[in-house]
Amino acid sequence: MDAFAKALLKSGDTSLSTLLLEHYRELGMSNTEFLIYLQIKSYNDRGISFPQTETIAKAVGLTDNQIFQELHTMIAKRLMQIDTVQQPGQLARDSYDFTLLYEKLAQYVKKS
């Protein structure tokens, strides 16, 4: 197996709802916000629930501060939230939660 095939298999896959892809703009999400969502989703799909803003920034070609601002805009638009989970005997862990985005999508579909 060549290096490309190995890298392709090792990187994994990220699936995306076509419904979300078709309607993210109607939900109030900008192209940049959607790209950030995709990056976060790809990390979630690999078991990383809270990728660092620096990592996201490098992937999308923005600064760390720009990512931070975009994330806060997404929170203000009620597209996402940051959850803190406390497990007994462990440190608290943050995770990005896009339940609000999918709730907006469900409401959009009901109205259409």
Side-chain angles (χ1 to χ4, degrees):
M1 185 179 298
D2 68 9
F4 169 73
K6 286 180 184 177
L8 186 66
L9 292 173
K10 184 179 177 184
S11 69
D13 294 310
T14 297
S15 64
L16 173 66
S17 164
T18 303
L19 194 61
L20 180 59
L21 180 63
E22 291 175 346
H23 299 290
Y24 73 92
R25 300 277 301 157
E26 288 95 330
L27 302 178
M29 194 176 231
S30 72
N31 291 340
T32 300
E33 291 165 346
F34 188 66
L35 183 57
I36 291 168
Y37 161 79
L38 290 175
Q39 286 296 325
I40 292 170
K41 182 161 182 353
S42 77
Y43 280 97
N44 284 337
D45 290 348
R46 291 178 271 168
I48 301 167
S49 62
F50 200 73
Q52 297 296 313
T53 54
E54 298 89 1
T55 304
I56 299 167
K58 184 177 177 185
V60 300
L62 297 172
T63 67
D64 182 47
N65 191 46
Q66 287 171 312
I67 295 296
F68 186 76
Q69 290 175 356
E70 292 286 344
L71 290 171
H72 280 276
T73 299
M74 292 168 75
I75 291 169
K77 290 180 173 182
R78 300 194 43 78
L79 298 171
M80 63 165 277
Q81 59 191 17
I82 296 175
D83 292 337
T84 301
V85 178
Q86 178 69 55
Q87 297 288 341
Q90 295 181 0
L91 294 174
R93 292 181 40 202
D94 289 335
S95 65
Y96 294 109
D97 180 351
F98 288 94
T99 302
L100 296 171
L101 174 63
Y102 284 97
E103 287 173 357
K104 276 190 165 197
L105 182 59
Q107 290 301 316
Y108 176 81
V109 170
K110 284 182 185 178
K111 291 177 185 175
S112 298

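Since we're looking at a predicted model, the values are computed, not measured. Atom set for the values below is all heavy atoms of this structure, side chains included, hydrogens, waters and symmetry mates excluded.
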Q: Is Tyr24 linked to Ile75 within one hydrophobic cluster, defined over Ile, Leu, Val, Met, Phe, Trp and Tyr using a side-chain heavy-atom separation of less than 4.5 Å?
A: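 As far as the 4.5 Å side-chain criterion goes, Ile75 and Tyr24 are connected within one cluster.
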Q: Quick one, Tyr37 with Leu16, criterion side chain to side chain contact (heavy atoms under 4.5 Å, CB included). Give me CA distance, side-chain angles, the key distance, then yes/no.
A: CA-CA 11 Å; Tyr37 161 79; Leu16 173 66; 4.0 Å; yes
Q: Nearest heavy-atom pair of Gly28 and Lys77: which atoms, and what distance?
A: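 Result for this residue pair: O-NZ, 2.8 Å.
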Q: For Tyr43, what are the other residues in its hydrophobic cluster, where any two members join if their side-chain heavy atoms are less than 4.5 angstrom apart?
A: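 Answer for Tyr43: Ile48.
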Q: Between Leu105 and Leu27, is the side chain to side chain contact (heavy atoms under 4.5 Å, CB included) condition met? List the steps.
A: CA-CA 7 Å; Leu105 182 59; Leu27 302 178; 3.9 Å; yes
Q: Does any donor atom in the side chain of Asp97 or Thr99 lie under 3.5 Å from an acceptor atom in the other side chain?
A: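 Yes, because at least one side-chain N or O of Asp97 sits under 3.5 Å from a partner of the opposite role on Thr99.
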Q: Got a sec, which pairs hit ring pair (Phe, Tyr, Trp, His ring centres under 6.0 Å) with one end in residues 58-87, sequence neighbours left out?
A: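 As it turns out, the ring pair (Phe, Tyr, Trp, His ring centres under 6.0 Å) pairs with a partner in residues 58-87, which skip direct neighbours, are Phe68-His72.
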Q: Please set out all donor-acceptor pairs under 3.5 angstrom arising from side-chain atoms of residues 86-96, sequence neighbours excluded.
A:
residue, atom, partner, partner atom, Å
Gln86, NE2, Gln90, O, 2.4
Asp94, OD1, Thr84, OG1, 2.6

Q: List in chain and number order the residues that pass ring-ring contact (aromatic ring centres under 6.0 Å, His included) with Tyr102, two or more places apart in sequence or in another chain; answer none if no residue qualifies.
A: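 Scan of Tyr102 (ring-ring contact (aromatic ring centres under 6.0 Å, His included), adjacent residues dropped) gives none.
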Q: Taking all non-hydrogen atoms of both residues into account, name the closest pair between Glu26 and Glu22 and its distance.
A: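 Minimum heavy-atom separation between Glu26 and Glu22: OE1-O, 3.6 Å.
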Q: Determine which pairs satisfy ring pair (Phe, Tyr, Trp, His ring centres under 6.0 Å) with at least one residue from residues 4-23, sequence neighbours left out, and list them in order.
A: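 Non-adjacent pairs meeting ring pair (Phe, Tyr, Trp, His ring centres under 6.0 Å): His23-Tyr108.
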Q: So which atom in Ile56 and which in Ile67 form the shortest heavy-atom distance, rounded to 0.1 Å?
A: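 What the structure gives for the nearest pair is CG2-CD1, 3.8 Å.
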Q: Would you give the length of the straight line joining atom CD of Glu70 to atom CZ of Phe34, rounded to the nearest 0.5 angstrom?
A: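 Here the rounded value is 14.5 Å.
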Q: Please check if Ile82 and Met29 belong to a single hydrophobic cluster, counting links between Ile, Leu, Val, Met, Phe, Trp and Tyr side chain heavy atoms closer than 4.5 Å.
A: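 Shared cluster, yes.
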Q: Locate the shortest heavy-atom distance separating Ala59 from Gln39; write the atom from each residue and the value.
A: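 It is CB-OE1, 3.3 Å.
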Q: If you look only at pairs with a residue in residues 50-60, which of them pass as a side-chain hydrogen bond (donor to acceptor under 3.5 Å, both in side chains), with sequence neighbours excluded?
A: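 The answer is Thr53-Asp64.
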Q: Measuring from atom NZ of Lys41 to atom OG of Ser15, what distance do you get when rounded to the nearest 0.5 angstrom?
A: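 Separation between the atoms: 4.5 Å.
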Q: Considering non-hydrogen atoms only, spot the tightest contact between Gln81 and Leu100 and give its length.
A: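 Minimum heavy-atom separation between Gln81 and Leu100: OE1-CD1, 3.8 Å.
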Q: For a 4.5 angstrom cut-off between non-hydrogen side-chain atoms, does Thr32 reach Val60?
A: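 They are not in side-chain contact.
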Q: Say you draw a straight line from CG of Leu79 to CD1 of Ile36; how long is it, rounded to the nearest 0.5 Å?
A: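 Going from CG on Leu79 over to CD1 on Ile36, the span is 11.0 Å.
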Q: Any heavy-atom pair between the side chains of Leu101 and Met80 that's under 4.5 Å?
A: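 No - every pair of side-chain heavy atoms lies 4.5 Å or more apart.
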Q: Distance check, rounded to the nearest 0.5 Å: Arg46 atom CZ versus Asp13 atom CG?
A: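 One finds 11.0 Å between CZ of Arg46 and CG of Asp13.
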